[in-house]
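Quick notes on the structure that follows.
Position 1 is the first residue of the sequence; numbering continues from there. Heavy-atom basis, side chains included; hydrogens, waters and symmetry copies ignored. Keep in mind that this is a model prediction, so the values were computed, not measured.
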Amino acid sequence: MANEAQPCPCAIGDLFDYKGLGQEIQIDHIKAYVCKSKIPSDKAVIVIQDVYGWELPNTRLFVDLLASHGYTAVLADFFVGKEPWKSTNDASTFFQWLETRPPYKVDKEVDAVLKYLKDECQAKKIGVIGFCWGGIVTHYLMLKYSELKAGVAFYGLVREDVDKYNLLNPTLFVFGEKDDLIPLEQVASLDQKLKENAKVDYKVKVFPKQGHGFAHRKEVSNPEDKSYIEEARKDMLMWLNKYIK
């Protein structure tokens, strides 16, 4: 059972009852969920999971949302078969579990997905979004892969002592004011360092009263959060549309 005395710092929130419009496929050595635009498109977005894995319906909803806006969207299993975090796990082991899934060792998986998008989907303009663990991966990729034309990192940032401000292409960072995993001091430091070092467009946006996971792990029906959730999703689409063209 989960350790009730020590709640998981990355609670699942609302688990959506969502079946998905796409299909599961095999891309090289990894499984993936793919949804394609109904109209021909050379634009694509790689969607990167949070700690709850590639099968989480909440994240698949974003894949389908992107497809409805003209993108081929792919959500691959970046844990490569390893078990995702479960809400029933002992919360005291969370950070130990996290160490076995480093967000910086994903190049093989990214390369496989990029090849699939280019060869099988004829994608020429590709971006990336990610949530939580996937937000860290997104930040990392925007420092390394120049072919990714835009990135949106939801509540995730590179904390390691590396050059994390030399973004190669425009990147939007989305955070919640009440995020217990990412203190506002770290967000402010990121914003300041990007002002000093970034040579491309970027934006750091903090949503009031929102916690970790708010944009994809809260029901839009919640009146207190609805406007913030909808705004975050709209910001994502506007950012991608602006730079993936």
Compute the ring centroids of W133 and Y104, then answer whether they are less than 6.0 Å apart. no
Look at the side chain of D191 and the backbone N and O of V187, then say whether any donor-acceptor pair between them is shorter than 3.5 Å. no
Examine distances only and state if a side-chain atom of N89 and a backbone atom of W85 form a donor-acceptor pair shorter than 3.5 Å. no
Quick check on the hydrophobic clustering: are L194 and L184 connected, directly or via other members, by side-chain heavy-atom contacts under 4.5 Å? yes
Please tell me whether V204 and M238 are part of a single hydrophobic cluster in this structure, the criterion being side-chain heavy atoms less than 4.5 Å apart. no
Carefully, step by step, assess V51 and L98 under the rule side chain to side chain contact (heavy atoms under 4.5 Å, CB included). CA-CA 8 Å; V51 296; L98 204 58; 3.9 Å; yes
Kindly compute the distance separating CG (L167) from NZ (K144), expressed to the nearest 0.5 Å. 15.5 Å
Is a side-chain donor or acceptor of N169 paired with a backbone partner of S146 at a separation under 3.5 angstrom? yes
So CG of D179 and OH of Y155: to nearest 0.5 Å the spacing works out to 9.0 Å
With no hydrogens and no angle check, just 3.5 Å: does a side-chain donor-acceptor pair link Y243 and D201? yes
Value rounded to 0.5 Å, distance of OH in Y33 from CD in Q23: 9.0 Å
Is it true that K226 and E230 have a side-chain N and a carboxylate O under 4.0 angstrom from each other? yes
Looking only at non-hydrogen atoms, find the nearest pair between K209 and E177 and report the distance. N-OE1, 2.8 Å
Find out whether L172 and D235 are in side-chain contact, i.e. whether some heavy atom of one side chain is under 4.5 Å from a heavy atom of the other. yes
T138 side chain to G130 main-chain N or O, any donor-acceptor pair under 3.5 Å? yes
Closest approach of V200 to P170 (non-hydrogen atoms, all atoms of both residues): CG2-N, 4.0 Å
Within this structure, what is the OH-CD1 distance for the pair Y145 and I46, rounded to the nearest 0.5 Å? 8.5 Å
Is there a donor-acceptor pair closer than 3.5 Å between any side-chain N or O of Q210 and the backbone N or O of K178? no
Whether Q26 side chain and D28 backbone form a donor-acceptor pair below 3.5 Å: yes
The reported gap from NZ in K38 to OG in S68 (rounded to nearest 0.5 angstrom) is 9.0 Å
Can you confirm whether I244 sits close enough to V45 that some side-chain heavy atom of one is under 4.5 Å from a side-chain heavy atom of the other? yes
Between V34 and K36, does the side chain to side chain contact (heavy atoms under 4.5 Å, CB included) criterion hold? Intermediate values first, please. CA-CA 7 Å; V34 180; K36 298 181 179 180; 4.2 Å; yes
Are there over 12 heavy-atom neighbours, none belonging to K105, within less than 6.0 Å of that residue's NZ? no
Ion pair check, K125 and E147, cut-off under 4.0 Å: no
State whether the side chain of D77 and the backbone N or O of F79 hold a donor-acceptor pair below 3.5 Å, judged by distance alone. yes
Distance alone, cut at 3.5 Å: any donor-acceptor contact between the side chains of Y116 and D111? no
Report yes if the side chains of V80 and E109 come closer than 4.5 Å at any heavy-atom pair, otherwise no. yes
Evaluate the side-chain proximity of K149 to I126: yes if any heavy-atom separation is below 4.5 Å, no if none is. no
Is K43 close enough and on-axis enough to Y71, meaning under 6.0 Å and within 45°, for cation-pi? yes
Applying the 4.5 Å side-chain criterion to the ILVMFWY set and letting contacts propagate, would L168 and Y140 be lumped into a single cluster? no
Give the minimum heavy-atom separation between S92 and D90, together with the two atoms involved. OG-OD1, 2.8 Å
So E196 and K193, side chain to side chain contact (heavy atoms under 4.5 Å, CB included) or not? Walk me through it. CA-CA 5 Å; E196 297 170 2; K193 293 292 186 180; 3.9 Å; yes
Is the shortest heavy-atom distance from the side chain of M236 to the side chain of F62 under 4.5 Å? yes
For the residue pair F214 and F207, does the interplanar ring angle fall in the parallel (under 30°), tilted (30 to 60°) or perpendicular (over 60°) class? tilted
When every non-hydrogen atom of A73 is compared with those of L66, the smallest separation belongs to CB-CB, 4.0 Å
Closest non-hydrogen atoms of S41 and G70, given as atom of the first, atom of the second and distance, are OG-O, 2.6 Å
Hey, does V152 have a side-chain heavy atom less than 4.5 Å from the side chain of V128? no
Just checking K164: does its NZ atom have more than 12 heavy atoms from other residues, nucleotides or ligands closer to it than 6.0 angstrom? yes
Please check: side-chain N/O of S189 versus main-chain N/O of E185, any donor-acceptor pairing under 3.5 Å? no
Treating R101 as the side-chain partner and E83 as the backbone partner, does any N or O pair qualify as donor plus acceptor under 3.5 Å? yes
Can you classify the ring geometry of F173 versus H139 as parallel (below 30°), tilted (30 to 60°) or perpendicular (above 60°)? perpendicular
Flag side-chain contact, heavy atom, 4.5 Å: D42 against Q122: no
If you look at every heavy atom in G156 and A153, which pair is closest and at what distance? O-CB, 3.8 Å
Taking the side chain as every heavy atom from C-beta outward, state whether V74 and L117 have any pair of such atoms under 4.5 Å apart. yes
F175 and F154: ring pair (Phe, Tyr, Trp, His ring centres under 6.0 Å), yes or no, with the steps? CA-CA 6 Å; F175 299 101; F154 287 91; 9.9 Å; no
Could you check I129 against F131 for side chain to side chain contact (heavy atoms under 4.5 Å, CB included), going step by step and ending with a plain yes or no? CA-CA 7 Å; I129 72 168; F131 305 90; 3.9 Å; yes
Ring pair (Phe, Tyr, Trp, His ring centres under 6.0 Å) between Y52 and H216: does it pass, once the steps are laid out? CA-CA 12 Å; Y52 292 97; H216 81 299; 8.7 Å; no
NZ/K205: more than 12 non-hydrogen atoms of other groups inside 6.0 Å: yes
Rounded to the nearest 0.5 Å, how far apart are CD1 of I229 and CZ of R217? 12.5 Å
Around atom NZ of K108, are there more than 12 heavy atoms from other residues, nucleotides or ligands closer than 6.0 Å? no
For D64 and L21, indicate whether the former's side chain and the latter's backbone hold a donor-acceptor pair under 3.5 Å. yes
